Amino acid sequence: MPKIEIEAEYCKSCLYCVEACPKKVIGTTSAVNSKGYQYAVAINPDACVGCAICATVCPDAAIEVYK
Amino acid sequence: MPKIEIEAEYCKSCLYCVEACPKKVIGTTSAVNSKGYQYAVAINPDACVGCAICATVCPDAAIEVYK
Amino acid sequence: MEKVFMKGNEAIAEAAIRAGCRFFAGYPITPQNEIPEYMSRRMPQPDVRGVYLQGESETASAAMLYGAGATGIRAMTSSSSCGIALMSEAIAWMAGACLPVVICNMVRGGPGIGSIQPAQQDYFMATKASGNGGFRMLVFAPSTIQEAVDMMYRAFDLAQKYMNPVYILSDGFTGAMMEPVVLPEMRSDEFLAAERKKNEAWAATGRKGAARSHQIGAGQRPGFPRAPLEQKNKADWEMYESWKVNEVEYENYKTEDAELIITSYGVSARIARSAVDMLRKEGYKVGMIRPIKVHPFPEIAYEQLDYNKLRGILSVEMSIPPLFYYDVEAVVRKRTPIATCLRSGGEIIERSAIIEAAKKLYGDK
Amino acid sequence: MEKVFMKGNEAIAEAAIRAGCRFFAGYPITPQNEIPEYMSRRMPQPDVRGVYLQGESETASAAMLYGAGATGIRAMTSSSSCGIALMSEAIAWMAGACLPVVICNMVRGGPGIGSIQPAQQDYFMATKASGNGGFRMLVFAPSTIQEAVDMMYRAFDLAQKYMNPVYILSDGFTGAMMEPVVLPEMRSDEFLAAERKKNEAWAATGRKGAARSHQIGAGQRPGFPRAPLEQKNKADWEMYESWKVNEVEYENYKTEDAELIITSYGVSARIARSAVDMLRKEGYKVGMIRPIKVHPFPEIAYEQLDYNKLRGILSVEMSIPPLFYYDVEAVVRKRTPIATCLRSGGEIIERSAIIEAAKKLYGDK
Amino acid sequence: MEKIYSRPIGLKKNINGYCPGCLHSAAGKLIMSVLEEFDLLERCTQVDGVGCSANNHTSMDVDSIGSPHGRPCAVASAVKRISPETIVYTYQGDGDLASIGLAETMMAANRGDNITVFFINNANYGMTGGQMAPTTLMDMKTSTTPYGRHAQEHGYPMHMCEVLNALTAPSYIARVTCIDAANMRKARAAVKEAFQHQLDGKGFSFVEFVSNCPTNWGLSPIESLKFIKEKMLPEYPLGEFRNR
Amino acid sequence: MEKIYSRPIGLKKNINGYCPGCLHSAAGKLIMSVLEEFDLLERCTQVDGVGCSANNHTSMDVDSIGSPHGRPCAVASAVKRISPETIVYTYQGDGDLASIGLAETMMAANRGDNITVFFINNANYGMTGGQMAPTTLMDMKTSTTPYGRHAQEHGYPMHMCEVLNALTAPSYIARVTCIDAANMRKARAAVKEAFQHQLDGKGFSFVEFVSNCPTNWGLSPIESLKFIKEKMLPEYPLGEFRNR
Amino acid sequence: MENSILIGGFGGQGVMIFGQLLCYTAAETTDKYVTYFPSYSMEKRGGTANCYVTISDEPIGAPKAEMTDYVVALNSLAMNKFVNNVYSGGTMFINSSVCTEKPDRADITFVEVPASDVAREIGDSRVTNLCMIGAFIAYTDMLPPEKVLATAFKKLGAKHPEFNALNEAAFKKGMEIGRAAKAKKA
Amino acid sequence: MENSILIGGFGGQGVMIFGQLLCYTAAETTDKYVTYFPSYSMEKRGGTANCYVTISDEPIGAPKAEMTDYVVALNSLAMNKFVNNVYSGGTMFINSSVCTEKPDRADITFVEVPASDVAREIGDSRVTNLCMIGAFIAYTDMLPPEKVLATAFKKLGAKHPEFNALNEAAFKKGMEIGRAAKAKKA
Ligand SMILES: Cc1ncc(C[n+]2csc(CCOP(=O)(O)OP(=O)(O)O)c2C)c(N)n1
Ligand SMILES: Cc1ncc(C[n+]2csc(CCOP(=O)(O)OP(=O)(O)O)c2C)c(N)n1
Ligand code: SF4
Ligand code: SF4
Ligand code: SF4
Ligand code: SF4
């Protein structure tokens, strides 16, 4: 099953991945990282198809994708 | 009768007028001006037709033309 | 006059406008961005009707200032440290062409790009060599925003009086902080028009029937016929010498009975002053000499000291290596020990460090 | 070694190449054009195989030099006065980034464009503020072509030793004149390769398996991890202080029994020396102190004088206002009168004027 | 399970200094990714401009030279001529490359120096707080065009690709953007092509990134992408301008 | 008898400092002649570049500002904005305008500042002794290209009209030469047109003179004209590039 | 009397506005000397930002005090960085919503204000700082609360009047918290 | 012994070459100290050019001597400008083809050399300076004539060997004139 890993410490909460994911896999919670950013998480991981769009658009290279 | 006046002190002896004059009116003599230039003179003034080509090409505006 | 709570950079810009500045050219650089930004807003307003022009670089901005100076309008630029360094050639041209412009350096850490935090590492660049050729300028060193504002206002008149650029040596601290300030009155349009009119005797904005065409250029005195460069150099030198008599400006603070002198300028002096107060409270007989203009250097202030009574001088500045210190050393001539208290590279000098250094130099009370 | 009759500028260029200079960037400016022109011919030759790059300006040339410095190659630029002023920012960057480069200023009249004729009006710009941030350099001031050649040769080693730019403060006179000169030997390719190899410990030419990637930038010491700017400023200061011990260089000429000291540097000192000789012939006990490096300033030379014996010091330079004079004044500390003999703006100082001024200061024989 | 998208190894294991959503990060990611693919991470030198780009040296693990503002092309030209085996590229903002450094940029291009130039066009001076840049759009308000950019006073946006295209020497000129996955892929291809030109010794290669500055534009990251699409791209058309 | 060709009254009654046959003099003569025709001699300010052009202020009797090398356009922009009633023009060589001052030239053009720029392209740095300029022809030997200008090392000649034509704001761009009477007349027309643009407030106008430097080219004046015709003009085609 | 305050947090958390509201109020409604000094890191956002405020009866020598009477920390980074900048006997205000581990200093008072939580409840994270100010003013009585609020309306509400209500709510809630803390201490 | 010579004329008249030929010869064939200092005006051509040569047994302090033993004037401008730079008792060489009115100084010797005329006769105005050198050397005996001529061949003939004959002719003619002047004086 495809999956993504988001490194919370690299995420700045731009939400590009949230917007880009065709499967609405990604969202945010109230959790913040050490820099105070409400980082992105796979809130709907099972829907992931491994298209890597999220990782492609993530400017901060916080997302890695497995398939 | 058309005529040209060459102000010897302005002339630097580039000879553009000599070359340009269709009537071969202009040439040089052994005389030099205060800067040491062998200035142009109307050696053949009667041939002048007042076309002002010499004055037009003279970069140093040393030639004035009367008609 | 009403007090307003203002950022140093904006207060400086407004003071310049009130002094009659009607042209500003500059290029962004921290920590002085609020000066051009303020100018860009303010210049087009109906009570100003001046020109704001963003240069494509400091080199271009300084050239624009040079051009503006050549029109006889009141004009200024501002930048910071490495940006001012880039203006060196043009500043030398302006001094060479005797143009009455104002240059404001909100100093940051160096060398080179250094840091965007405040420092005082451009003291020599301002007072000794802002470009090639050995020219000098009057150099104001404000200690508070109020003083900066008052100096800006006077700077334009002095530039005009001496036909020489005037330099404001301030720093990112004074530019970035906020403080209540009383702004000077706005120069009237009539006054400015009259001043501009006077400058038409030499300004290069079209000959307009003048007896001779006007030529502006480095090495030439505006309005005078072309003369050998050395003659101009000599006239400049005479002017600089006259400044030593007429333009020296400094402050003695609690120096009368002082056994220890703290000497400092600009923002450091502000902090040092409060150190003096605290030391006084503790019973130390400490005073401060503060050059208000750092060029001409107020030699007389140090000459008036009673060296028999002194335990030493503490020279305080935000520069490592020290720079101001060497001017102090030159005038003190080993008559008393001089110690330094220094920070650099964007670090702000601490009052506690000054107090400590002063006590050490003071010895037993 | 064979003597060759050469123009100063060309001799300087050749000496640089023999010292190992393998990169030159510059922009035309009189009176130093023969340096870049010579370099453009010489660099491509098979015994050199260096890079000549004509910058689109002095700003660009200095940036190219900065880039070259970052590769660890031996590199230099040259220019004159206003051209050097334009390099101020980049020079500050090079000092900030600790790059071992050589900068040569063939001074002409100033300020600004001034004149194309020789002068010494950049003394402060060279010794006190070649850019922002209070950095300093070793500053050589050659008096003859031979000395210029020898200094150029040493300059590259010192730049490398201290990891700091070295400055040659020469002038258009020395550059334009011709004189027989003995050129130093050509550094071997092996030596240069070995030196370059050493610099790979910090040079930024691709990581090549190094433990850390290399970063060059103002405020950073190459090869060291990023540290606060103040720490770098302090290290620089320490280095400058060490120069006062290890790098002071001056000449005493007939000073032993002298009752009058002429002090001068560079081309003026050359002329002053012959004035000393002529004065000696007339029975005046005159000697000369000549700083060979003008930074660090050789305070010790003036400290060793017997002020009881002295009638005065005559400070000679081709700058109005005087500049070198103030350094002399600071170390002499009013222990004897100081007079000046000055020319400026491209005028060459006359031996007769020096002699006359010396006699006046000397008083009765 | 196979990793199909990884963080480029050239990026340090830290968060960089760019603002959230700033596409500076995206450009940097692509460059690191291509250098990794070409196995050039150990063979390259990055020449940073002054601007937000200065953040690169805290996040990229390659040799780098921070340059005087506007001078990266001059610095890079010198480095490349001295060390032709090094892959030398500059990374510059629009203030740096197209304003103060315009002469240096164009002259390196005109000399055909064998370097690669990455140009981040975000229509303002980001690091210093959003002043007008040569690339600022018409009517756009910035901190030094408080009443908007107007033709009469400020002239028109500067099109660097088009201007460079008026020179003879450059071998590759392209304009890309990173606003979505498709464009990211195209942008990466352009970065690759540019480096390939340098590897092939063809001379000056240039990639302009139409970018954003959410912070100084006063927009959220997502809004800033929309702004690029709707306002920036019509002014700055994407594409390959030259490929020799 | 009527005087049908006179020396322009803007020229002082002295010999200027240009070399014999140098077409700098010709350009200056035309400018003075047009200013006279438009009755602008008392209303104009000439901003001189550093270079042989510095000779202008000894020979032209108009207000003038000698500018830091390369910065005339920046100086002129400031003067014009402060004093819009003044006709402001710059006079610059190729080293000045196209090398050290390239950014200033292009940015004034890009701002559309209402000034006129005269550009004397003589393919080298005349005043300093004939070093390579951006405009130096291929294979041409100069004092800093002793082995000739080669593409690999020095890139290609810079075409300023074409480069400026890549910008939006300029209103008039033309290239002329003064090698013969016919061209002199065309050149004069271009100078006139350029000033007319300024008088009409249209913005940046630019006239490039393809010129000579007999001294540093090592040619007699007459030979230098031949060189222009045979070598310079094929590289620098004459004509109007823009006229809005 | 001289009061020195150091306010720290992330860029974007309203640190500078906190300081400026105090200063404007003091400068425009009292005769006191007032200075404000901001200090940024290189980054525009995400970096730390802090500012120094001094309100005094005497001219102010050092606008960036090394040691201050009060520190306000909007995040834990600032809390840990500046905890030793408080004079012994001084007070540190912490945004307890995000500052979880209180530092170990017995000689100062900690006032815990769950400002981020308050802001979230009110519905806009941007009012966190107003809540902190409310608490600070109520606890210290340094300036009249209504004057501070009026300044907030004037400076922040001018462009965005829609914020006035939110700001007021946050400020009032903060005051409650500050008052309670003060009562507890007394 | 120190000999100082000042040579002046128009740019392009070969003033610099005159000076350099003396210097190269002295530097390469004697043990003397030699300096050469050129001085240009801003103009490249048409302006005045002059240079200073010093040949001495001692190190040379002032390569640009204010007063010189010899002045060589290739045109009347230079003649008038520099006539007062000759030491009393010194000698001034003038290109008498173009310097018509000799200046009024009784304490120096004038050596009149119709160099331009000689050059014209030889058929190339560019050899004017070689004629002057010939006269100068013959009159002063400062350097061996054959060495000077050899230097001229080496430095000027390298690129243009066709000039050697013309140069030699001019030089020899100049020597004759110089010798005659010397004989007349003695
Ligand atoms: C000589 C000089 N001038 C000005 C500055 C100040 N400065 C720092 S970054 C910058 C420009 C930033 O704009 P840009 O190049 O567009 O890059 P961005 O930050 O937008 O990515 C400026 C002007 C400087 N550091 N040096
Ligand atoms: C900052 C600076 N750099 C260099 C010079 C030296 N310089 C004088 S004239 C000139 C350039 C001349 O070339 P160009 O602009 O092509 O004009 P030309 O003389 O050929 O007409 C230069 C580089 C200078 N005066 N100032
Ligand atoms: S890989 Fe595709 S589906 Fe999975 S989270 Fe990313 S964008 Fe969504
Ligand atoms: S795109 Fe990257 S940085 Fe942005 S929210 Fe997603 S994971 Fe975070
Ligand atoms: S200020 Fe603008 S350009 Fe700079 S990092 Fe932030 S968003 Fe990016
Ligand atoms: S050097 Fe060249 S450009 Fe200059 S005046 Fe002489 S011929 Fe003209």
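Only a predicted model underlies this, so the values are computations on that prediction, with no experimental measurement involved. Here is how names work: the chains are called A, B, and so on, in the same order as the sequence lines, proteins then strands, and each is numbered from 1.
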Need one label for Pro31(D): side chain, backbone, both or neither, based on atoms under 4.5 Å from any heavy atom in chain H.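 Contact with chain H is absent: no heavy atom of Pro31(D) under 4.5 Å.
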What distance do [X] atom [atom1] and [Y] atom [atom2] have between them, rounded to the nearest 0.5 Å?
| X | Y | atom1 | atom2 | answer |
| --- | --- | --- | --- | --- |
| Thr144(D) | Ile60(H) | OG1 | CD1 | 11.5 Å |
| Phe173(D) | Lys64(H) | CZ | NZ | 7.5 Å |
| Met177(D) | Cys23(H) | CE | SG | 9.0 Å |
| Met16(H) | Met178(D) | CE | CE | 11.5 Å |
| Lys7(D) | Phe37(H) | NZ | CZ | 9.5 Å |
| Thr25(H) | Phe5(D) | OG1 | CZ | 9.5 Å |

Are there residues of residues 348-362 of chain D that reach to under 4.5 Å of chain H by heavy atoms, and which ones?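 Near chain H, by residue number: Ile348(D), Glu350(D), Arg351(D), Ser352(D).
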Contacts with chain H made by residues 268-286 of chain D (heavy-atom distance under 4.5 Å), listed by residue number: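 Within residues 268-286 of chain D, the residues under 4.5 Å from chain H are Arg270(D), Ile271(D), Ser274(D).
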So which of Gly19(H), Pro38(H), Pro59(H), Ala26(H) has the biggest tally of heavy-atom pairs under 4.5 Å with chain D?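 Between Gly19(H), Pro38(H), Pro59(H), Ala26(H), the count favours Pro38(H).
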Below 4.5 Å, heavy-atom pairs only: which of Tyr24(H), Tyr33(H), Tyr36(H) has the largest tally toward chain D?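 If we count pairs closer than 4.5 Å to chain D, Tyr36(H) comes out on top.
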Residue [X] excluded, over 12 heavy atoms near [atom1] under 6.0 Å:
| X | atom1 | result |
| --- | --- | --- |
| Lys365(D) | NZ | yes |
| Asp257(D) | CG | yes |
| Glu58(H) | CD | no |
| Glu146(H) | CD | yes |

